[in-house]
Peer 1: 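Okay, handing you the structure first.
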Amino acid sequence: MNRLLVTGGAGFIGSNFVHHVIEHTDATVTVLDKLTYAASRESLAVLPDDRVSLVVGDVADAAVVGPLVAEHDAVVHFAAESHNDNSLNDPSPFVQTNLIGTFTILEAVRKAGTRLHHISTDEVYGDLELDAPERFTEATPYNPSSPYSSTKAGSDLLVRAWVRSFGVQATISNCSNNYGPWQHIEKFIPRQITNVIDGGRPKLYGAGLNVRDWIHADDHSSAVLRILQQGRIGETYLVGADGEQNNLDVVRMILRHFGRPEDDFDHVNDRAGHDLRYAIDSTKLRTELGWEPRFSDFEKGLADTIQWYVDHEAWWRPHKDTVEATYAAQGQ
Ligand code: NAD
Ligand code: DAU
């Protein structure tokens, strides 16, 4: 697999994946990205021109997707609308990109016979009780809560159907919450880091007791590459790094890092339908494919990420006022 097509490769996880591929393989990469508000050309700018190229286009545009897919050995499909809060305000682009976009990719790989890896989320499984011992496994029934997660669940089901009905050569991974460099500041961790850099207060939805299972984006990338190279066609793999934390504790870690009092935050309006807890059991990926995460200490990975946002203020600063104005209008 020397020629990879990476959809959504100018976004947070997609760009981390492209960096990972360039560092760890000899492959060349074409990024297909619509360059929505969530994309960043700068995240790809330091990569070698002779190995990475960018095509600006829509994954739901069959005329663009078809010829591109036919020229590559494999497609890694990250492109999506990814933010739950945005999906509550306007679900329309989520249906268009996450469902129609994935359908368009599937039809192209079906025609060309190209290998596909589809990127998905643990949110397709709904949520878990806060204090329960259960974690999601590949056998957990689908039960999505939000417009975002329901369109991701639908996209997974399309992939499964295209494997079974048409013999498409696809795998799926469902990963937990990612953190790391290049994440848009609308998301929880970079929003709070940049609030504190600005001398402001972190904003916790509701009581702040909701739990997320954090994984560094580079560990997600190594898992995706492993599945692409060694995964069994038609299989789903859950990706997680045993990183469960409640939101309150994450905010306290960030405040502590900057030497601020640990109670220096605001409670704001809760998210409608807010999922309580996600937790991943990644035994299948670890035992079948021998994958292990590199970032096992969340607080250390968080400290590296905080430093990255301190060092890259010029990257996020132009977006900060707009993001905060949108949240303020929602009482968040
Ligand atoms: P992101 O919002 O940072 O990036 C998405 C990228 O997709 C952007 O570059 C955007 O321009 C592009 N895009 C959007 N619509 C497009 C379209 N119609 N055509 C072409 N490109 C388009 O998202 P992310 O957080 O990097 O998530 C990437 C993928 O990983 C998504 O499929 C998401 O569901 C999945 N995922 C995310 C997380 C997480 O914690 N962020 C966890 C598990 C899975
Ligand atoms: O679990 C994987 C999912 O993780 C991905 O599929 C999504 O694309 C990704 O955005 C993420 O979804 P979440 O909704 O969990 O992430 P978000 O960063 O929006 O919020 C994380 C938690 O923090 C959630 O419980 C809501 C809360 N939150 C969020 C923001 C933006 C706050 O308390 N305050 C905030 O300001």
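In listed order, ligands and their atoms are each counted from 1. Heavy atoms only: backbone and side chains are in, while hydrogens, waters and symmetry mates are out. This is a predicted model, so every value here is computed, not measured.
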Peer 1: Going through the distances and angles, do His319 and Tyr37 end up as a ring-ring contact (aromatic ring centres under 6.0 Å, His included)?
Peer 2: CA-CA 9 Å; His319 308 288; Tyr37 78 96; 8.7 Å; no

Peer 1: Report the C-alpha distance between Trp316 and Trp308 in whole Å, list the side-chain angles of each, state the deciding distance to 0.1 Å, and finish with yes or no for ring-ring contact (aromatic ring centres under 6.0 Å, His included).
Peer 2: CA-CA 11 Å; Trp316 55 264; Trp308 190 90; 9.7 Å; no

Peer 1: Check each of Leu204, Asn86, Asp122, Asn174 against atom 1 (O) of ligand 2 and report the one with the nearest heavy atom.
Peer 2: Asp122

Peer 1: With the threshold set at 4.0 Å, does a side-chain nitrogen-carboxylate oxygen contact exist between Arg135 and Asp122?
Peer 2: no

Peer 1: Please confirm whether Lys152 approaches ligand 2 to less than 4.0 Å, judged on its heavy atoms.
Peer 2: no

Peer 1: If we count only N and O atoms by modelled type, under 3.5 Å, do the side chains of Ser176 and Asp213 hold a donor and an acceptor together?
Peer 2: no

Peer 1: Nearest non-hydrogen atom to atom 19 (O) of ligand 2 belongs to which of Arg191, His274, Arg271?
Peer 2: Arg271

Peer 1: Could you check Trp315, Phe17, Phe12 and say which one makes a ring pair (Phe, Tyr, Trp, His ring centres under 6.0 Å) with Trp182?
Peer 2: Trp315

Peer 1: Side chain or backbone, does Glu123 bring an N or O within less than 3.5 Å of an N or O on ligand 2?
Peer 2: yes

Peer 1: Please assess Gln332 against Asp85 for the test side chain to side chain donor-acceptor pair (under 3.5 Å), listing each intermediate value before the final yes or no.
Peer 2: CA-CA 10 Å; Gln332 294 179 321; Asp85 292 322; 4.7 Å; no

Peer 1: If the cut-off is 4.0 Å to any non-hydrogen atom of Glu186, which atoms of ligand 2 fall inside it?
Peer 2: 31 (C)

Peer 1: For atom 16 (O) of ligand 2, which of the options Asn177, Asp127, Asp85 provides the nearest non-hydrogen atom?
Peer 2: Asn177

Peer 1: Ring centroids only, cut at 6.0 angstrom: are Phe298 and Tyr179 within range, meaning strictly under it?
Peer 2: yes

Peer 1: Give the residues near ligand 1 by chain and number, with the criterion being a heavy-atom distance under 4.0 Å.
Peer 2: Gly8, Ala10, Gly11, Phe12, Ile13, Asp33, Lys34, Leu35, Thr36, Ala38, Ala39, Gly57, Asp58, Val59, Phe78, Ala79, Ala80, Ser82, Thr97, Ile119, Ser120, Thr121, Tyr148, Lys152, Cys175, Ser176, Asn177, Asn178

Peer 1: Is any N or O atom of Thr121, backbone or side chain, closer than 3.5 Å to an N or O atom of ligand 2?
Peer 2: yes

Peer 1: May I ask you to check if ligand 2 and Asp275 share an N or O to N or O distance below 3.5 Å?
Peer 2: no

Peer 1: Has ligand 2 got any nitrogen or oxygen that is less than 3.5 angstrom from a nitrogen or oxygen of Cys175?
Peer 2: no

Peer 1: Assess Gln192 for proximity to ligand 2: is some non-hydrogen atom of it under 4.0 Å away?
Peer 2: yes

Peer 1: Residues sharing Leu157's hydrophobic cluster, by side-chain heavy-atom contacts under 4.5 Å among ILVMFWY, directly or via others?
Peer 2: Val124, Tyr125, Leu128, Phe136, Tyr142, Leu238, Tyr278, Ile280

Peer 1: Can you spot which of Arg232, His117, His118 makes a side chain to side chain donor-acceptor pair (under 3.5 Å) with Thr171?
Peer 2: His117

Peer 1: Out of Ser120, Ser82, Ala80, Gly208, whose heavy atom sits nearest atom 7 (C) of ligand 2?
Peer 2: Ser82

Peer 1: Using the ring of each side chain (for Trp, its six-membered ring), is Phe265 parallel, tilted or perpendicular to His267, with breaks at 30° and 60°?
Peer 2: perpendicular

Peer 1: Is there a nitrogen or oxygen of Arg212 sitting under 3.5 Å from a nitrogen or oxygen of ligand 2?
Peer 2: yes

Peer 1: What is the ring orientation for His216 with Phe295, classed by angle as parallel under 30°, tilted 30 to 60°, or perpendicular over 60°?
Peer 2: parallel

